[in-house]
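Here is how names work: the chains are called A, B, and so on, in the same order as the sequence lines, proteins then strands, and each is numbered from 1. Remember, predicted model here, so these are calculated numbers, not experimental data.
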Amino acid sequence: MPLRIYNTLTSAKEEFVPLQPGKVSMYVCGVTVYDNCHIGHARANVAFDVVYRYLCHSGYAVTYVRNYTDIDDKIINRAKQEGVEFNVISERYIQAFDDDMARLNLAMPTHQPKATEYVDEIIALVGKLVAQGTAYPIDGDVYFSVGKFPSYLKLSGRNLEEMQAGARVDVDERKRHPMDFALWKGAKPGEPYWPSPWGNGRPGWHIECSAMSMKLLGETFDIHGGGKDLVFPHHENEIAQSEAASGKQFVRYWMHNGFVNINAEKMSKSLGNFFTIRDILERYDSEVLRFFLLSAHYRSPIDFSDQNLADADAGLSRIYSALAAMDDALADSAASREASPALLSEAALELQEKLATLHDRFCEAMDDDFNTALAIANIFDLVRVLNRVLADKAALNAAVLSLFSQAKTGIARIAGVLGVMDSVPSDYQARLKSRKSSDLNIDVAEIERIVAERTAARKVKDFRRSDELRDQLLAKGVELLDGPSGTAWKIK
RNA sequence: GGCGACGUCGCCAAGUGGUAAGGCAAAGCUCUGCAAAAGCUUUAUUCGGCGGUUCAAAUCCGCCCGUCGCCUCCA
């Protein structure tokens, strides 16, 4: 079954046919590095990380480019505030971005270019547009002339007249058309600059992506991604600059991810209602955050709340519990099972059937515009059957254990694409426990002492004292779990 | 004002013509001294409302209501 991708350019799902068979060229707008990243950045980057991984999984040789925009007005402003050079700011937040993405288990792109390393290419591109007459210099700035590019706004499906009617911006009177945008900005005193034919200055906002993507991927490439909010003006302007310069189609498939909302409203810097990735990782495991982000389709809005994160946490734990239980069964098995008949129970037969189609169903979901929500639902479906088999301890024979091995392999294959469920189950569980115990207001030795006292009380059937001690611990957030081999405890 | 998206069980969320996936929560059961935890089972004749097309619609069309986004920096 062919992969189908929703293309913003045509507003439809289209069969994906790469420019060159077996190869995919893909560019995703990274970040402007002037501050820490928020959950919205996490979503976009996780979404395209999965796109990248799935394309690789499908057998394509993928060249994945994700840029850093490391020169921009916001960076300059921030540098001014702090009284440092602009590159102190950009380098700091590049490092922060890299750290955040590593924690979110992102695969490394093939190239991670920085705008400042491509100034020559940018100047050449602007120069070409000026020479052509599609761009014009004024007082050290250079503007793109939207009137010279007839298909301007084809991506966002608007027209120039409407845009002007709704314009809320003060128009620079020097521009030929109110919608003309800057390719190059002349430097004011004290600002960073590069020499250019139009004087000292720096790149405008959109031009760096055109220059870097065309340099690394060619004038026409397969996939260009980013958040929905980049459709206009950023991607629209990229198309204008690039296609005007090359005379060729710039990008074949435009992909845009939906927003992260807070109380059904867009999370954004300007609204001030954002959470940084760092903030959230203080409180939730990074794998939980990633799992949460993949639990909705990448184009849908997703509402960020404690409740929803807690739900994701519970769901992911359910999967790991089943994986851990399989590990246990496999570990304490072997010899004693060998003699047992290899008959499969009804549940085991169902498991066998689910395993046979597991990978196909995964691909079917992902081929439909990267439907990770459906892919995850399939995993839960498998987990339910798995638990049913696990529950029947007497039926754990060699044949069933072999199914468990298959299940582990099958899930690992999927986990490798989604970038979740790829921890060692017992490690994951230990990670959660230690995270929770860090905000505990009682020390472990004290817990152990009370547990021991209660065990003694239970031994002599003093259940009143036993329950008293249990309540005492519960009040401090410690939950007791009595089992055949003694009493374990966990943080509530 | 222009353009666009969305509205599916208490909550989250798949499903774009063939008769409602999955998760969380809840209830029942198993287990337990009792619990907790865990597991199993159950839980929408119905998809914002009203019309229409069709043998058949959550899915297509029209209108209405509601929410949100873009049009300014934004993933």
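Nucleic acid contact for A:Arg384: sugar-phosphate only, since backbone atoms but no base atoms lie under 4.0 Å from a heavy atom of the residue. Nucleic acid contact class of A:Val231 (heavy atoms, under 4.0 Å, all strands): none. Across all strands, A:Leu481 comes closer than 4.0 Å to base atoms (heavy-atom distances). Counting non-hydrogen atoms under 4.0 angstrom, A:Gly227 reaches the backbone sugars and phosphates but no base. Contacts of A:His297 with the nucleic acid, taken as non-hydrogen atoms under 4.0 Å apart, involve only primed sugar atoms and P, OP1 or OP2. Using a 4.0 Å heavy-atom criterion, one finds that A:Lys461 contacts no nucleic acid atom at all. Within the nucleic acid shown, A:Gly258 comes within 4.0 Å of at least one base atom, counting heavy atoms only. Note on A:Lys266: a base of the nucleic acid sits closer than 4.0 angstrom, heavy atoms only. A:Arg318 comes within 4.0 angstrom of the backbone, heavy atoms only, and of no base. Residue contacts shown for A:Arg78 are absent, as no nucleic acid heavy atom lies under 4.0 Å away. Residue-level contact check: A:Asn308 touches the backbone only, with heavy atoms under 4.0 Å from sugar-phosphate atoms and none from bases.
A distance of about 49 Å separates the P atoms of B:rC6 and B:rC31, rounded to the whole Å. B:rG52 and B:rU67 are spaced 28 Å apart, taking the P atom of each and rounding to whole Å. Comparing the P positions of B:rC60 and B:rU16 gives an interatomic distance of 9 Å, to the nearest angstrom. With C1' as the reference atom, B:rA58 and B:rG7 are 11 Å apart, rounded to whole Å. A distance of about 11 Å separates the C1' atoms of B:rA25 and B:rU43, rounded to the whole Å. B:rU8 sits 16 Å from B:rC50 when the P atoms are compared, rounded to a whole Å. Atom C1' of B:rG10 sits at a distance of 31 Å from the matching atom of B:rG17, rounded to the whole Å. Between the C1' atoms of B:rU59 and B:rC47, the separation comes to 10 Å (whole Å).
The aromatic rings of A:His206 and A:His234 lie tilted to each other, with the angle between the two planes from 30° to 60°. Using bins of under 30°, 30° to 60° and over 60° for the plane-to-plane angle, the ring pair A:Tyr428/A:Tyr320 lands in the parallel bin. Between A:His256 and A:Trp254, the ring planes are parallel. Angles under 30° get that label, and only those over 60° would be called perpendicular.
Contact check, A:Ser300 against B:rA14: a side-chain N or O comes under 4.0 Å of OP1 or OP2. Residue A:Asn387 places at least one side-chain N or O under 4.0 Å from the OP1 or OP2 atom of B:rC40.
Considering only side-chain atoms of A:Asp381, the nucleotide from B:rG22, B:rA37, B:rA13 that sits closest is B:rG22. The side chain of A:Arg388 lies closest to B:rC40, out of B:rA14, B:rC40, B:rC24. Listed candidates were B:rA14, B:rA36, B:rC71. Nearest to the side chain of A:Asn371 is B:rA14. For A:Met267, taking side-chain heavy atoms from C-beta onward, the closest of the listed nucleotides B:rA75, B:rA13, B:rG22 is B:rA75.
Mapping A:Ile302 and A:Lys13 onto RNA chain B by nearest heavy atom places A:Ile302 closer to the 5' end of the strand. Nearest-nucleotide mapping onto RNA chain B: of A:Lys74 and A:Ala314, the residue sitting toward the 5' end is A:Ala314.
Between the base of B:rG33 and the side chain of A:Asp462 there is no donor-acceptor pair shorter than 3.5 Å. Side chain A:Arg470 to base B:rC34: a donor-acceptor pair is found below 3.5 Å. For a distance-only test at 3.5 Å, the side chain of A:Arg43 fails to qualify as a donor-acceptor partner of the base of B:rA75. Side-chain atoms of A:Ser466 and base atoms of B:rG33 include a donor and an acceptor less than 3.5 Å apart. A donor N or O paired with an acceptor N or O is found under 3.5 Å between the base of B:rC34 and the side-chain atoms of A:Asp482.
Partner assigned to B:rG4 is B:rC68, using Watson-Crick or G-U wobble distances below 3.5 angstrom. Pairing for B:rG17 is absent, judged as Watson-Crick or G-U wobble with the two contacts each under 3.5 Å. As the counterpart of B:rC50, B:rG62 is assigned, both hydrogen-bonding distances of the Watson-Crick or G-U wobble pattern falling under 3.5 Å.
When the shell of 6.0 Å around CD of A:Glu479 is examined, it contains more than 12 heavy atoms from other residues, nucleotides or ligands.
By the criterion of a centre-to-centre distance under 5.5 Å and near-parallel planes under 30°, the ring of A:Phe380 forms no stack with the base of B:rG22.
A:Tyr298 approaches A:Met255 most closely through the heavy-atom pair OH-CE, 3.3 Å.
Expressed to the nearest 0.5 Å, how far OG of A:Ser295 lies from CD1 of A:Ile376 amounts to 6.0 Å.
Checked options A:Tyr253, A:Phe250, A:Tyr64; the residue passing with A:Phe221 is A:Phe250 (criterion: ring pair (Phe, Tyr, Trp, His ring centres under 6.0 Å)).
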